[in-house]
Protein chains: 2
Amino acid sequence: MKIVIIGGVAAGTSAAAKARRNSETAQIIIFDADRDVSYSGCGLPYYIGTAIEERGQLVPRDAQFFKQKYNVDVFTGHRVLAIAPQSKTLTVENLASGEQFSESYDKLIIATGAQAVRPPLAGSDQANVFHLRNVASADHIRGQVLERQPQTAVIIGSGFIGLEMAENLTARGLRVSVVELAAHVMPALDADMAGYVADCLRQQGVAVIAGDAVARLEGAPLVSKAVLASGRELAADLVILAAGVRPDVELARRAGVALGPTGAIQVNERMETNIADIYACGDCAESYSLLTGKPFYRPLGSTANKMGRIAGDQASGGDLTFRGGLGTGIFKLFDLAVGQTGLTEKEAGREGYEAVVCHIIKPDKPEYYHGQELVIKAVADRASGRVLGAQVIGKAGVDKRLDVLVTAITFGAKAEDLFHLDLAYAPPFATTKDPVMYAGMVLTNALARQRELITAAELDARLDRGEAVQVIDARAAGQYAAGHVAGARNLPHERMRDELAALDPAALTVTYCNKGVTGNAAQNILINRGFRQVLNLSGGYKQYAQQKKQQDGEDGRA
Amino acid sequence: MKIVIIGGVAAGTSAAAKARRNSETAQIIIFDADRDVSYSGCGLPYYIGTAIEERGQLVPRDAQFFKQKYNVDVFTGHRVLAIAPQSKTLTVENLASGEQFSESYDKLIIATGAQAVRPPLAGSDQANVFHLRNVASADHIRGQVLERQPQTAVIIGSGFIGLEMAENLTARGLRVSVVELAAHVMPALDADMAGYVADCLRQQGVAVIAGDAVARLEGAPLVSKAVLASGRELAADLVILAAGVRPDVELARRAGVALGPTGAIQVNERMETNIADIYACGDCAESYSLLTGKPFYRPLGSTANKMGRIAGDQASGGDLTFRGGLGTGIFKLFDLAVGQTGLTEKEAGREGYEAVVCHIIKPDKPEYYHGQELVIKAVADRASGRVLGAQVIGKAGVDKRLDVLVTAITFGAKAEDLFHLDLAYAPPFATTKDPVMYAGMVLTNALARQRELITAAELDARLDRGEAVQVIDARAAGQYAAGHVAGARNLPHERMRDELAALDPAALTVTYCNKGVTGNAAQNILINRGFRQVLNLSGGYKQYAQQKKQQDGEDGRA
């Protein structure tokens, strides 16, 4: 039994290690065109920045390690040029010597990964324009930052690689601009959550330009500025193209391996392609959503690792299968953690769900124990009550809440289940009721107890359309005076019970406070006193103001 | 509708708030003998220590707050002397004036909490011997620490209140001894995990004495030393009795309210007692295990809050019910976090499960991103594969792993489900495969793939019985030389494939490395080469040495 693996980063090496655990006798070979294998792609931005100092920390394993530990033969600097499924052979080129040879396989695992999307952009072939994709490209960027000491950088794209680069280049002292084609940065998030990301970038001195594109790069012999479609010009001693990645499928496609609707290699739950004895895994392969059952493409290190392990198990006689993913992602942005799992509000709508959403703004720990505020936007399906997704942003405890929600969603949790979780409580770790439990409570109250919510976006849309809405600001007079929803009437919660006569119980009413809790208390009073329809503003004035600020399109550099 | 609540800490105030949210018209009254209500009992040790400076941070709400915010009448300093269920009346004493009066109710919620267990101990009535139960008792301890400046403290009991006090008194500069009657500190944990707790205490200069008891306290007018049953004497300028709590059920019992097998008030899932219109919740009430379905007593702030909310909902017409708990607990101990949920190995055995356990020793994040080691001991049921419980100890990321496991266990997760969780990965937050996933992988390999584990305790027991065990130390020679299992043969993993001839494939074989991973690799080689029965030492030599050290009963003071 000879198992040949093309690609030796996350998925390929996971496959090799698992196959060896199952079988002592199989011959296992990895080919990779790169000189580095088994590195942490997700660590690359931190290697360019300051957090990871040594290259060896990123690339702790080499061919010798795999030989000793796993009895796996790793050939770096070897490109597979062609796959011949009929004869079960590969054509391989030794890049150093130029020699080409043929290699047979019994089982083939394709783990060719992904490539950076390269938009056709004038000037993008200059020596100070980079993609970040492997350790060598990180070396180049790091080298240039250290040697040429660029002062300014333009990052094209604001997915998490782009934003991690924004952080790490800022840490190196560069003035950074991020340009995003979509209407807001971090397009994978809903607009109302992406606002926190944009705020954070601006606070750290990063210029944020959304809804615009880089039309061309100018300067010679090196790029010195980026000219945007809007005509705006940005100084650019360094340009990072971070407009996403696409699966590296050319080799597979030419061999007749079928691609899925996402353009990545189509695989079943056993990581099998359409061709017998050929598997695919990692960033070149398609996965599918646990929630919708539909194929999706999520090139993430965690998913690649998982798929690789499954492919290696299957190729060596095991029965491990892939169960679908949630597209969970998290990244650090300066002092903020930003995470997402499952469906956003936008995606849920696109998938045909009637989405019910809440914004929970709570400290991660008690305030007396230095708790710091985090925001959970949770999305539920009105019909089934199931939790569909969550976005979590804050300075501490974000990854915990996200992983609890990931786990709950994986098991098909309904919103009402979250309150009942017996989560770990002590003041150094959480509040008595965890923010995740609040998310469940608020969604359940909306779904089953007529405590309906309205988002800032929807309230604004209704007001813009000229609908008659009785908006009640339930905060103290001073808070109201400092800023409020246009047209809102100030009726502090404490006085509400006594001053109901001033309100119209038949009108569509929206209550709000700072973050949502007192707005809900006001909503309760009005509903219990017979008001016809009362909605609480999700996330309160804090979320509303956040939305307004983004609409105004502030820019830290302007 | 008049809802009367006895007790105004976690459960009582949660009940009041929830009842008010449901009903604007109900009259809601709280009586509490204490002068403080709605405080964080779990924050008390940190108030005595240094983390919480102001009393007001612990007790942010008073009667006026509840009147304004919830229209709830709170009577502090009012003790309920008797409940008359037939007439639905209470006899109440105003402790300040001595006046007694009668109060009627439509619905009664008993939330009388718990009292410290007071062992009959000579000298325990002296003025420098304390229980920690409410804010007033914390004031006394804090006052004494500040004014009398005691140099030494003895803490009787090593549950989490005792250990939190050990930390906080150490932070105040006292030399602290902890005395535990059971064979190891933190008896709620398995012995092999409690060892990490004992280690931490000793490293911080706390004397740890387990398997001994304080026989008497000596000194007058203040206690100055504790004399143990063993005859050992400990200097004690201050004594904290932290031998646990018991439910405060006397008032309820006298009124005919039935108690459950745990001695706490018996309630159904609606928090109803055996008497119509009387509910109980919080630390005076029994809850039940989600895993076994059996009643248990878990006086925890998080559970009290939950039960209170349910009681308040039910008393005001809602339909929220209690779904059982896992007894999840966590506490901070100096730089360590220690958490537990579900069943320990010991408890699982007692409940009749055949427990399969693993010890996962992994960094919480990549080592290149300053990851710090944590230990997960996970327990699964061999018959069903279900995860029954987990204990997690480490310096960072403990609460996250615990809460993920809590959530998984709540939904009935099997060990094999953990690998498939799409947990959030990025270097600042986790490793590509999270430690929780490793726990699932290792347990699944044991349950379904013949990669059986053996605990350090079981290996020692077999060796002590003189069983023939071929023990293979798969580490490098230098590591072996620095310490190894008695009788183990050193055969480094890299050489194993070549030197198999030296081993007996028919013998019962145990492999190990430092933490378990290479031990498993060695196990795989031997199994794949036809060895009859090969077990991997769970947690490797690290866990084994930990166990040995505890058996030797080191004491930081000795």
Side-chain angles (χ1 to χ4, degrees), chain A residues 10 21 23-24 40 42-43 46 51-52 57-58 68-69 71 290 300-303 305-306 323 325-332 337 339 341 366 368-369 399-400 402-404 406-408 410-411 413 419-430 432-433 493-494 497 521 524-525 528-529, chain B residues 10 21 23-24 40 42-43 46 51-52 57-58 68-69 71 290 300-303 305-306 323 325-332 337 339 341 366 368-369 399-400 402-404 406-408 410-411 413 419-430 432-433 493-494 497 521 524-525 528-529:
Chain A
R21 288 191 194 97
S23 166
E24 265 302 293
S40 167
C42 303
Y46 302 97
I52 303 176
Q57 295 177 281
L58 272 188
Q68 278 197 349
K69 182 97 178 177
N71 189 23
L290 185 61
L300 295 162
S302 48
T303 304
N305 234 280
K306 207 170 265 158
R323 298 191 184 172
L326 294 171
T328 309
I330 191 167
F331 69 103
K332 169 172 139 36
T341 191
Y368 66 73
Y369 210 94
D399 56 332
K400 176 166 81 170
L402 189 63
D403 276 354
V404 168
V406 163
T407 307
T410 299
F411 287 97
F419 165 70
H420 295 278
L421 294 173
D422 191 7
L423 299 172
Y425 164 62
F429 304 100
T432 327
K433 289 196 196 79
H493 170 240
E494 294 78 19
R497 292 184 174 93
N524 285 329
I525 292 173
N528 289 333
R529 297 288 176 112
Chain B
R21 288 191 194 98
S23 166
E24 264 302 294
S40 165
C42 302
Y46 303 97
I52 303 177
Q57 295 177 282
L58 272 188
Q68 278 195 350
K69 182 96 177 176
N71 190 23
L290 184 61
L300 295 162
S302 48
T303 304
N305 234 279
K306 209 170 263 159
R323 297 190 185 173
L326 294 173
T328 309
I330 191 168
F331 69 103
K332 171 174 139 29
T341 191
Y368 66 72
Y369 210 95
D399 56 331
K400 176 166 79 170
L402 189 63
D403 276 354
V404 167
V406 163
T407 307
T410 300
F411 286 97
F419 165 72
H420 295 278
L421 293 173
D422 191 6
L423 299 172
Y425 164 63
F429 304 101
T432 326
K433 290 198 195 76
H493 170 241
E494 294 79 21
R497 292 186 174 90
N524 286 330
I525 292 173
N528 289 332
R529 297 287 176 113

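Each chain gets a letter, A, B and so on, in the order the sequences are listed, and its residues count up from 1. Only a predicted model underlies this, so the values are computations on that prediction, with no experimental measurement involved. The basis for the numbers below is simple: all heavy atoms, side chains too, and nothing from hydrogens, waters or symmetry mates.
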Practice item. Would you give the length of the straight line joining atom CG of B:Leu402 to atom CG of A:Leu423, rounded to the nearest 0.5 angstrom? Key: 9.0 Å
Check your understanding: Looking at A:Asp399, A:Leu326, A:Thr432, which has the largest count of heavy-atom pairs under 4.5 Å with chain B?
Key -> A:Asp399
Exercise for review: Give, as side chain, backbone, both or neither, the part of B:Ala521 having an atom under 4.5 angstrom from any heavy atom of chain A.
Suggested key: neither
Point to revise | Toward chain A, the part of B:Lys433 with a non-hydrogen atom under 4.5 Å | key: side chain
Practice item. To the nearest 0.5 angstrom, please state how far the CZ atom of B:Arg529 sits from the CD atom of A:Glu24. Key: 4.5 Å
**Study point:** Residue that, paired with B:Thr407, satisfies side-chain contact (heavy atoms from CB on, under 4.5 Å) out of A:Asp403, A:Asp422, A:Val404, A:Val406
**Key:** A:Val404
Practice item. Working to the nearest 0.5 Å, report the span between OG of B:Ser40 and OH of A:Tyr425. Key: 3.5 Å
Revision key, fill the gap. Honestly, the part of B:Ala430 sitting under 4.5 Å from a heavy atom of chain A is neither
**Study point:** Residue selection (most heavy-atom pairs with chain B, distance under 4.5 Å) from A:Asn528, A:Thr303, A:Asn524
**Key:** A:Asn528
Check your understanding: Has the side chain of B:Lys306 got a donor or acceptor atom that lies under 3.5 Å from a matching backbone atom of A:Leu421?
Key -> yes
Review point. Taking all non-hydrogen atoms of both residues, which atom of B:Cys42 and which atom of A:Pro427 are closest, and how far apart?
Key: O-CG, 3.4 Å
Exercise for review: Check the angle between the aromatic planes of B:Tyr46 and A:Tyr369 and answer parallel, tilted or perpendicular using the 30° and 60° thresholds.
Suggested key: perpendicular
Exercise for review: Quick one: closest heavy-atom pair of A:Arg497 and B:Lys69, and the distance?
Suggested key: NH1-O, 3.8 Å
Check your understanding: For B:Ser23, is it the side chain, the backbone, both, or neither that has a heavy atom closer than 4.5 Å to a heavy atom of chain A?
Key -> backbone
Revision key, fill the gap. Honestly, the part of B:Ala413 sitting under 4.5 Å from a heavy atom of chain A is both
**Study point:** Most chain B-contacting option - heavy-atom pairs closer than 4.5 Å, from A:Ser302, A:Gly327, A:Ala426, A:Gly329
**Key:** A:Ser302
Check your understanding: So which of A:Thr341, A:Leu300, A:Asn71 has the biggest tally of heavy-atom pairs under 4.5 Å with chain B?
Key -> A:Asn71
Check your understanding: Checking heavy atoms, do the side chain of B:Thr410, its backbone, both or neither come under 4.5 Å from chain A?
Key -> side chain
Check your understanding: So what's closer than 4.5 Å to chain A heavy atoms on B:His420: side chain, backbone, both or neither?
Key -> both
